[in-house]
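For clarity, every value in this text was computed on a predicted model and none was experimentally measured. A note on names: the letters A, B, ... follow the listed sequences, proteins ahead of strands, and every chain is numbered from 1.
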Amino acid sequence: MTDKRLSMREAIAEYITDGLSVAIEGFTAFICFAAGHEIIRQGRCNLTLIRMTPDLVYDQMIAAGVAHKLVFSYLGNPGVGSLHCVRRAVEKGIPAPLEIEEYSHYGMVARYSAGAMKLPFFPLRSYSGSDLPGANSRIKTVQSPYEDGETIAVVPPINPDVAIIHAQRADMLGNTQLWGLLGIQKEAAFAAKRVIVVAEQIVDESVIQADPNRTLIPGLIVDAVVHEPYGAHPSYVQGYYDRDNKFYLDWDQISRDQAGVEAWLEEWVMGVPDRAHYVAKLETETLERIKPGMAPAAPVNYGDYR
Amino acid sequence: MTDKRLSMREAIAEYITDGLSVAIEGFTAFICFAAGHEIIRQGRCNLTLIRMTPDLVYDQMIAAGVAHKLVFSYLGNPGVGSLHCVRRAVEKGIPAPLEIEEYSHYGMVARYSAGAMKLPFFPLRSYSGSDLPGANSRIKTVQSPYEDGETIAVVPPINPDVAIIHAQRADMLGNTQLWGLLGIQKEAAFAAKRVIVVAEQIVDESVIQADPNRTLIPGLIVDAVVHEPYGAHPSYVQGYYDRDNKFYLDWDQISRDQAGVEAWLEEWVMGVPDRAHYVAKLETETLERIKPGMAPAAPVNYGDYR
Amino acid sequence: MSDFTPSEMMIVSAARALAGIRTVFVGVGLPNIACNLARRTVAPDLELIYESGVYGARPARLPLSIGDPTLVTGAISVMPMADLFGLYLQGGLVEVALLGGAQIDRFGNLNTTVIGDYAAPKVRLPGSGGACEIALNARRIFIIMRLMKRAFVDKLDFYTSPGHLDGGTSRESLNVPGSGPQLVVTDKALFDFDNPEREMQITSLHVGVTLEQVREEVGREVRISESVRETAPPSEAELNLVRVELDPQGMYR
Amino acid sequence: MSDFTPSEMMIVSAARALAGIRTVFVGVGLPNIACNLARRTVAPDLELIYESGVYGARPARLPLSIGDPTLVTGAISVMPMADLFGLYLQGGLVEVALLGGAQIDRFGNLNTTVIGDYAAPKVRLPGSGGACEIALNARRIFIIMRLMKRAFVDKLDFYTSPGHLDGGTSRESLNVPGSGPQLVVTDKALFDFDNPEREMQITSLHVGVTLEQVREEVGREVRISESVRETAPPSEAELNLVRVELDPQGMYR
């Protein structure tokens, strides 16, 4: 089997080209800012960005002008407030107009599920009485062929060109394990045409095989494996580091105007060659502050059967 | 919170009444024979038995005359051959005629999923070109409202009156963790109106909470918790004991005629008051033979965040 | 009687409304404190459900977002969002969900999408998140928001989360699982919808608040329940729990 | 050349057909040994997928059923069956699936449901299991069964798993993802469907088997490929792996 490890620079250069649809997923946790920043550094454009919660990573990418379209279900700085860059793009076309395609959370979950399961649609109990279907004609209905004859909402599959998934650990073949908030990373990875896994740790295949129920993504569907410690900062990785909430609060100020954002991007994205330098640039105080204590999982025995 | 622990006798007496639909699930593994035997001992009848793979547990229950209908997707003695009792009932009406409702595996998975998600139907890519829809009019089709306009097979939800799920560990509130083959136990439990969890071990809530990703069934949907070591013998429980394959082979002979089965039921079901006595009746050689070695899961840290 | 802030009155009112409830779908901030207060007082079996995929959270600190890692560690179950929305919410296991919005109309419909025209919005709001399906599938909806003229409007700019729609039986005609908004907790008064028109009506005024003040804020005639009363102020015990244990830094005073 | 059993010839033939394949959907017994032989020889990257929910099994012993615990311990991934069927099979990740049946017709359609009438069967067979959706979704189907008159029939009593249906383009008209049966491995000969009618044809006769014997067993005229040849017998290396490592007890000789 081939070793799929690449540097982030190599992985983005290889798999992210202008005009593709890209899903950097992870709900509040596991958000791969390292990939977003490398996409900005490599000057990609006309991307369709897909994410349930665009969060700061897409706020930064949209301010940097990499996107022409956004597919999402919740636009917010979680626990803080607005995503000012996305708002500027939608409300004022700064730095460029942004096309949007909007769903509810479950609608996005259902779209990824349909994409992963190769279904023509996925049914869900939502949208009736809401203006969302009026704002998005992709939200339709289907009638049940059974007794009830009930009419139910459906959404179409979504199959991103590339999904980028951050995880605690993966082996060099891309077999990947996550714990904590699993979000829709599994569905996003199976739905995508290409998958880049970014891991805090690269482990031996034997570590993965010692807990097969924990494997969320098999190497079978993974194209590249990037080893990038702290690659999800300022978001978090369960058991590895906490969210850097100070940054989420600071961003609410930094992002109030495009100039401030550009200055920040100049210093923290264009101004560093890679994530290792970004991490080195963080104060040690920061890394100390976001370091969690130990909370080990209860032991489990799979049993040796020979 | 209330302690939901009951003896198997109490749990079956309380929740399984004549005429109900019952799903004792678990694919090859985690098959709760202890519950099946107690249902036989209590002389229940007219049950609709639901299981993807009826396996020996339903072969025994059907020979004992508890069922009037069987909903399934594969009738076999796994790795051995036929389920002779089910065949006798279907082919010759011995001991009584048995109504059958038949799907493919994915059809049953989809039915449980629709039942658990309260959907009017679940779509799947199956059945086209097969005689199964002709044999079962519950298998229908729906047309996609999207461009392709594709026609896709659908199955209706299934919501058993009672689901019985065997697991490695649960707390007294019914919060339940499984590892190994997860089958469709999660979907069956969420689809059922009542849930009985049977566990090899009853643990403190803190054990469950030390690995929340491993929790398959929350106490919220559980009505009774039964502590029943070896409750799945002769099937197996990952890490606790192996399948007693000798019994699966023996059953192929025992079950060749109704008389042989009745003699076996007399000795091993009616002849023992409960599972503890059944286990005591097994030779120690058997318990030794099915004891696996250690294969611990790789450690995981959830992190202490305070 | 010690004095208290309007936020504390909201927290305490929401907590009391959760008496005996088993499951609540919740966000962060004030509603989160209300649920934890209920757990310590009137709803000992209450389990908190977060759309991030958490059932039965046991946070060791005040969560800063609905995806805070402290909601994961020590929780009863943490699952993919497909299970949270499919098995728990759509599965009918959510008894009460707490919602809010930028705009609410007299029938409890909520707007969290845009102010102005959708295609060219004056203000682009966060959008639905899970709110649309929560509003339809949770058995009951409690709405928590401050009483402000610009929020309590006659006509929403966008219907994100359906309440009682046009009132009367119009929601029933949707044939959805949830019964819709039952309560609105504000900093000045409590409202319910217990009338044939399913129209928001004042049921309780907080201590020191007058009907005129409420009308003033709502900016229109407000329906009043025959049984309108004064909200019982927070007890010492309730205030202690909030100030000492649940929000020691007073982030949500 | 050492001698070998018909079963060994089947195992080796099936293994060779898996050359370069990445994923195979497999059952237990002879097909399972064939896949493990392929892994050790012509398909080092081959991963075994079991409908019980296992991807990338690393069995420490011969599995006695598709749910054997030895398939779980040490596997790459073990998942709910909803994921195995939804994400792997329907998701299009299964390159080859190995199937068999009680009856097969000239177009590779399979019956594993009943002999006789469905409502009043002479013999009630196991049924589909996952076979129906496997036959439609796996990219290619290899069929493994012994050549027997009662199995190779003109008309199936029940169509459980669609092959090339009525032949020609009739399967394409179903518009399903999989391309259907490509190969039939028997104890006497190998068959493919590489003709416009998509009809089973002999491509290779095992050592010492005559066309007459095959016709005799099939009980009807059998189509023969222009390029019909003799099957290369198992090599010493292949036999060694099977006899010493994969099936030391000779359970499947």
Side-chain angles (χ1 to χ4, degrees), chain A residues 1-4 109-110 112-120 122 157 159 163 167 169-178 182 184-193 195 197 203-222 300-306, chain D residues 20-25 39 43-50 52-65 67-95 133 136-139 175-178 245 248-249:
Chain A
M1 307 241 193
T2 45
D3 182 344
K4 296 174 181 171
V109 168
Y112 279 121
S113 297
M117 296 164 73
K118 301 280 186 289
L119 287 172
F122 202 93
N159 295 96
R169 63 188 180 203
D171 64 25
M172 67 177 195
L173 304 174
N175 297 306
T176 304
Q177 298 188 331
L178 278 76
L182 304 178
I184 36 66
Q185 284 94 307
K186 178 181 66 183
E187 294 80 358
F190 277 89
K193 301 185 185 74
V195 177
V197 163
V203 297
D204 187 81
E205 195 181 33
S206 63
V207 174
I208 301 296
Q209 292 174 333
D211 195 352
N213 285 145
R214 191 93 65 187
T215 306
L216 204 69
I217 301 171
L220 180 64
I221 63 168
V222 174
V300 148
N301 173 29
Y302 276 91
D304 183 2
Y305 293 90
R306 57 183 73 238
Chain D
I21 296 298
R22 185 84 171 79
T23 55
V24 61
F25 204 107
R39 251 187 140 243
D45 290 355
L46 186 68
E47 293 293 1
L48 276 58
I49 302 178
Y50 293 85
S52 53
V54 177
Y55 168 74
R58 298 285 186 270
R61 69 182 183 203
L62 259 184
L64 297 171
S65 83
D68 194 304
T70 198
L71 296 173
V72 169
T73 303
I76 291 172
S77 183
V78 177
M79 70 207 80
M81 290 177 79
D83 284 354
L84 193 287
F85 280 95
L87 304 178
Y88 284 74
L89 179 62
Q90 194 169 273
L93 298 176
V94 176
E95 281 184 47
E133 42 265 0
L136 295 170
N137 289 280
R139 280 181 240 161
N175 183 30
V176 294
E245 296 190 30
Q249 291 97 2

Checklist entry - Is chain D contacted by the side chain of Asn175(A), its backbone, both, or neither, given a heavy-atom distance below 4.5 Å? => result side chain
Checklist entry - At a heavy-atom separation under 4.5 Å, does Leu216(A) approach chain D through its side chain, its backbone, both, or neither? => result neither
Checklist outcome for this item: So side-chain hydrogen bond (donor to acceptor under 3.5 Å, both in side chains) across residues 79-92 of chain D, not counting sequence neighbours, yields Lys186(A)-Asp83(D)
Item to check | Portion of Ala116(A) that has a non-hydrogen atom of chain D nearer than 4.5 angstrom | outcome: both
Checklist outcome for this item: In terms of heavy-atom contacts, Ala75(D) and Pro212(A) come closest through O-CB, 3.3 Å
Checklist entry - Tyr305(A) versus Val72(D): any side-chain heavy-atom pair under 4.5 Å? => result no
Item to check | Heavy-atom check, side chain of Ile76(D) versus side chain of Glu205(A), under 4.5 Å | outcome: yes
Checklist entry - Atom NZ in Lys118(A), atom CG in Leu93(D): separation rounded to 0.5 Å? => result 7.0 Å
Next on the checklist: I need the full list of salt bridge (charged side-chain N to carboxylate O under 4.0 Å, His left out) pairs touching residues 211-220 of chain A, with sequence neighbours left out, sorted by first then second residue.
Outcome noted: Asp211(A)-Arg214(A), Asp211(A)-Arg214(B), Arg214(A)-Asp211(B)
Checklist entry - Highest number of heavy-atom pairs under 4.5 Å with chain A: which of Pro80(D), Gly91(D), Ser77(D)? => result Ser77(D)
Checklist entry - Checking Thr73(D) side chain against Gly303(A) main chain: does a donor-acceptor pair fall under 3.5 Å? => result yes
Checklist entry - About how many Å separate CZ of Arg306(A) and CG of Leu62(D), when rounded to the nearest 0.5 Å? => result 13.5 Å
